[in-house]
Amino acid sequence: MLQVHVIRENKLQTIQALQKKNFPQAEQVVEQVLGLDQQRKETQAQLDQHLAESNALAKSIGALMKEGKKEEAEKQKSRTAELKTLAKDLGDSLSQLEEQLQKLLYTIPNTPHSSVPVGKSAEDNEVVTQWGTVPSLPENAQAHWDLIKQYDIIDFDLGVKISGAGFPVYKGKGARLQRALINFFLDEAQKAGYYEVQPPIVVNEASGYATGQLPDKEGQMYHATADDLYLIPTAEVPITNIYRDVILTEKDLPIKNVGYTPCFRREAGSWGAHVRGLNRLHQFDKVEIVQIQQPEKSYAALEEMSSYVQGLLQKLELPYRVLRLCGGDMGFTSALTYDMEVYSAAQQRWLEVSSVSNFETYQANRLKLRMKSEDKKTQLLHTLNGSALALPRIVAALLENNQREDGIFLPKVLHPYLGFEKI
RNA sequence: GGAGAGGUGGGUGAGUGGCUGAAACCAACAGUUUGCUAAACUGUCGUACGGGUUAUUCUGUACCGGGGGUUCGAAUCCCCCCCUCUCCGCCA
């Protein structure tokens with residue numbers, strides 16, 4: 001979440017930035033935050049004064065008792081009772097104010113970076129680069145939801161029987177392709193300097209809050225209520241939370257982690273056209289990269305992550321484009337996001353396969369992830385993450401773009417992982 | 001699921017009502033010594049929110065798992081909750 005002192009010191013910029021993100025009533029909310037903070041400060045100052053007096057009295061009473069001056073001690077006791085009541089009231093309003101402020105701050109999204117284009121929807125995103133050539137497919141080219149049936153490699157009906165819609169069963173070469181992609185992505189990340197971790201795929205409430213899924217996306221996560229645990233929507237959550245309540249030193253940085261996990265999303269209310277087949281699932285596999293960086297280096301890191309993801313797509317020989325998301329299309333917690341989309345020739349549309357974001361201090365502030373610098377000051381760090389990559393749409397594009405009369409020919413780079421070349 | 005033990009600063013760990021924001025040791029950092037390394041010695045060494053000065057320094061409050069209570073005063077006593085560990089049971 002945003003830091004109050006930053007809002008206070010950059011009030012106008014904050015309001016404008018929030019407006020760019022299409023946050024309604026930015027000005028009123030900012031005013032409300034500053035007002036609450038002001039009240040909070042005043043209340044605390046008063047409370048502190050009362051407590052200071054109480055503490056002083058307690059000491060002097062103790063001293064008087066030791067000296068046997070009981071009467072004087074009793075006199076002072078009456079004042080402490082008074083102070084106690086006052087302090088109780090002040091303490092109550094202080095915690096109320098703090099709670100209100102906290103709740104309000106949770107509703108405010110991150111402010112976008114200056115390079116973020118103004119806009120309301122996906123239409124307004126800016127194409128940064130485009131790579132590769134769109135393959136020309138035969139006339140009878142099929143979409144992946146037909147191909148998977150023809151080759152019997154992914155079975156949605158079976159998934160419905162076992163779990164429900166959006167939980168496909170991968171079979172034979174389909175299952176093998178999943179495993180190959182995961183291993184390929186993990187190996188590549190390791191070569192690029194990422195440290196592999198395998199985190200839990202359920203998380204507690206505190207973790208959900210720290211990376212911003214809660215309370216913003218409460219209804220989008222599967223919630224195991226008996227134990228109050230959430231199924232992760234992305235490995236970002238457990239991996240970033242490794243660094244919750246941590247103070248790092250300069251030499252620990254940068255931190256570059258990679259992890260593979262299944263991801264679970266309820267996708268409540270988002271089903272409809274364009275989400276057939278692998279385009280949208282409740283459970284899917286993803287390899288995620290996470291970086292923790294010093295503030296002045298985070299944007300260089302974002303570019304590095306973007307090039308890294310593009311490198312993967314090039315190795316997979318998939319035509320792609322990179323978008324800089326506009327203010328209205330960005331995630332709640334992000335300051336700058338690049339989306340990578342691959343072109344699916346059979347569906348004749350772009351499919352998002354990765355999203356690489358810099359969160360600046362937004363997550364770090366919730367995580368309490370800080371760095372102690374040489375001058376002994378602690379400051380919040382920047383967190384970044386990106387998919388590298390999410391499997392389903394990669395699979396969709398691989399199947400669709402590489403279909404020929406005599407089978408589906410997978411890219412060379414996967415052959416050693418697959419143990420076969422075509423489906 | 002049953003029984004027991006325990007949660008203190010980066011770590012180990014002392015601390016049963018005021019002298020404890022917290023011993024000691026380890027780690028870390030800085031310096032001295034040393035041909036280098038090591039060792040030794042000296043010093044520094046929690047976080048948050050405020051106030052005064054802003055270079056440093058000074059200062060108030062809170063925090064010993066969380067919340068509540070007793071008391072003039074709580075890490076320490078009482079209550080509730082959460083979590084962790086060990087043993088047994090069950091199971092991969």
Side-chain angles (χ1 to χ4, degrees), chain A residues 1-9 33-106 198 200-210 214 223-230 238 241-253 255 262 292 361 364-381:
Chain A
M1 80 200 134
L2 298 178
Q3 300 170 84
V4 177
H5 79 264
V6 173
I7 300 179
R8 197 190 309 132
E9 285 153 26
V33 166
L34 295 180
L36 279 170
D37 188 52
Q38 188 58 33
Q39 272 183 277
R40 195 209 91 238
K41 274 205 241 178
E42 285 163 9
T43 310
Q44 199 192 336
Q46 277 184 54
L47 174 63
D48 284 358
Q49 252 179 33
H50 285 101
L51 290 174
E53 196 185 333
S54 273
N55 288 343
L57 278 173
K59 266 190 191 147
S60 111
I61 289 169
L64 288 170
M65 302 277 257
K66 251 186 199 162
E67 293 168 37
K69 296 178 181 170
K70 288 240 163 97
E71 281 178 33
E72 275 181 65
E74 287 303 322
K75 257 191 238 165
Q76 300 196 345
K77 276 193 194 177
S78 61
R79 173 65 180 155
T80 56
E82 223 173 291
L83 285 169
K84 212 172 173 180
T85 332
L86 289 169
K88 174 113 175 64
D89 290 346
L90 285 168
D92 286 350
S93 31
L94 181 63
S95 42
Q96 246 178 50
L97 286 166
E98 280 172 344
E99 196 183 321
Q100 278 178 46
L101 183 58
Q102 181 80 357
K103 269 193 184 162
L104 191 58
L105 286 170
Y106 273 141
Q198 195 173 85
I201 58 173
V202 293
V203 294
N204 56 29
E205 194 180 41
S207 294
Y209 270 96
L214 292 173
H223 188 191
T225 50
D227 296 294
D228 200 17
L229 293 168
Y230 294 87
N241 269 281
I242 292 174
Y243 303 95
R244 171 150 51 87
D245 292 322
V246 166
I247 300 180
L248 298 167
T249 58
E250 211 162 329
K251 66 182 179 196
D252 298 321
L253 298 162
I255 283 174
I292 294 167
T361 59
N365 191 29
R366 289 195 187 182
L367 288 158
K368 299 205 186 74
L369 166 56
R370 289 158 293 177
M371 179 187 83
K372 185 165 269 189
S373 49
E374 280 180 17
D375 56 1
K376 304 216 163 168
K377 283 188 178 159
T378 53
Q379 61 174 134
L380 292 173
L381 287 163

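What you are looking at is a predicted structure, and each value in this text was computed from that prediction instead of being measured.
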Grab the CG-C1' distance between A:D92 and B:G68 for me, whole Å please. 12 Å
Specify the separation, in whole Å, of atom CZ of A:R79 and atom P of B:G73. 14 Å
For a quick check of understanding: with a heavy-atom distance under 4.0 Å over all strands, which category does A:L51 fall into, base, sugar-phosphate or nothing? sugar-phosphate
Closest-nucleotide ordering on RNA chain B, the 5'-leading residue of A:A56 and A:G62: A:G62
Send over the distance from A:E42 CD to B:G60 C1', rounded to a whole Å. 17 Å
Kindly point out which of B:U71, B:A48, B:G50 is positioned nearest to the side chain of A:K84? B:U71
Out of the candidates A:D252, A:V246, A:L367, A:L248, only one should pair with A:I292 under the side chain to side chain contact (heavy atoms under 4.5 Å, CB included) rule; please name it. A:L248
Would you mind telling me which of B:G60, B:U47, B:G51 lies closest to the side-chain atoms of A:K41? B:G51
Would you say A:N55 reaches B:G60's phosphate, i.e. side-chain N/O to OP1/OP2 under 4.0 Å? no
From CZ of A:R370 over to P of B:U47, roughly how many Å is that when rounded to an integer? 8 Å
Once you round it to whole Å, what is the distance between C1' of B:C49 and CD of A:Q38? 14 Å
Separation of A:L47 atom CG from B:A48 atom C1', in whole Å? 15 Å
Check whether any side-chain heavy atom of A:Q100 sits under 4.5 Å from a side-chain heavy atom of A:R40, and report yes or no. no
By nearest atom, which of the nucleotides B:G46, B:C72, B:A62 is closest to the A:T80 side chain? B:C72
Using a cut-off of 4.0 Å on non-hydrogen atoms, how would the nucleic acid contact of A:K251 be classed: base, sugar-phosphate, or nothing? sugar-phosphate
Applying a 4.0 Å non-hydrogen cut-off, can you work out what A:Q44 is touching in the nucleic acid: base, sugar-phosphate, or nothing? base
Comparing A:Q49 and A:I61 on RNA chain B - which has the more 5′ nearest nucleotide: A:Q49
Rounded distance in Å between the P positions of B:U76 and B:G68: 14 Å
Taking the same atom, P, in B:U42 and in B:C25, what whole-Å distance lies between them? 11 Å
A:I247 CD1 to B:C29 P: how many Å, rounded? 17 Å
Indicate every side-chain donor-acceptor pair of residues 41-49 of chain A with a distance under 3.5 Å to a residue at least two apart or in another chain.
{"unit_1": "A:E42", "atom_1": "OE2", "unit_2": "A:Q38", "atom_2": "NE2", "d": "3.1"}
{"unit_1": "A:T43", "atom_1": "OG1", "unit_2": "A:Q39", "atom_2": "O", "d": "2.7"}

Round to the nearest Å and state the distance from A:E98 atom CD to B:C49 atom C1'. 8 Å
So A:R40, base contact, sugar-phosphate only, or nothing? Heavy-atom distance under 4.0 Å. sugar-phosphate
Bracket notation of RNA chain B in which parentheses pair within the strand, [ ] cross earlier pairs, and | pairs with another strand (Watson-Crick or G-U, under 3.5 Å): ((((((((.[[[..)..(.....]]].(((((.......))))).((((((......)))))).[[[[[..)....]]]]])))))))....
Using the P atoms only, state how far B:U16 lies from B:G10, rounded to an integer number of Å. 23 Å
For residues 54-65 of chain A, dump all side-chain donor-acceptor pairs below 3.5 Å to protein atoms at least two apart in sequence or in another chain.
{"unit_1": "A:N55", "atom_1": "ND2", "unit_2": "A:L51", "atom_2": "O", "d": "3.4"}
{"unit_1": "A:S60", "atom_1": "OG", "unit_2": "A:Q76", "atom_2": "OE1", "d": "2.3"}
{"unit_1": "A:S60", "atom_1": "OG", "unit_2": "A:Q76", "atom_2": "NE2", "d": "3.4"}

My understanding is that only residues two or more places apart in sequence, or in another chain, count here; which of them pass salt bridge (Lys or Arg N to Asp or Glu O under 4.0 Å) with A:E74? A:K77
Encode nucleotides 78-84 of chain B as B, S and - characters from 5' to 3', where the letter depends on protein heavy atoms closer than 4.0 Å: B to the base, S only to sugar-phosphate, - to neither. -------
Partner residues of A:R244 under the salt bridge (Lys or Arg N to Asp or Glu O under 4.0 Å) criterion, sequence neighbours left out: none
Is the shortest side-chain heavy-atom distance between A:L105 and A:I7 below 4.5 Å? yes
With the side chain of A:A58 defined as its heavy atoms from C-beta on, choose the nearest nucleotide among B:G51, B:U47, B:G73. B:G73
Below the 4.0 Å mark, does B:U47 have OP1 or OP2 next to a side-chain nitrogen or oxygen of A:K372? yes
Winner on side-chain proximity to A:R8, out of B:U47, B:G50, B:C72, is B:G50
Has A:S54 got a side-chain N or O lying under 4.0 Å from the OP1 or OP2 atom of B:U61? no
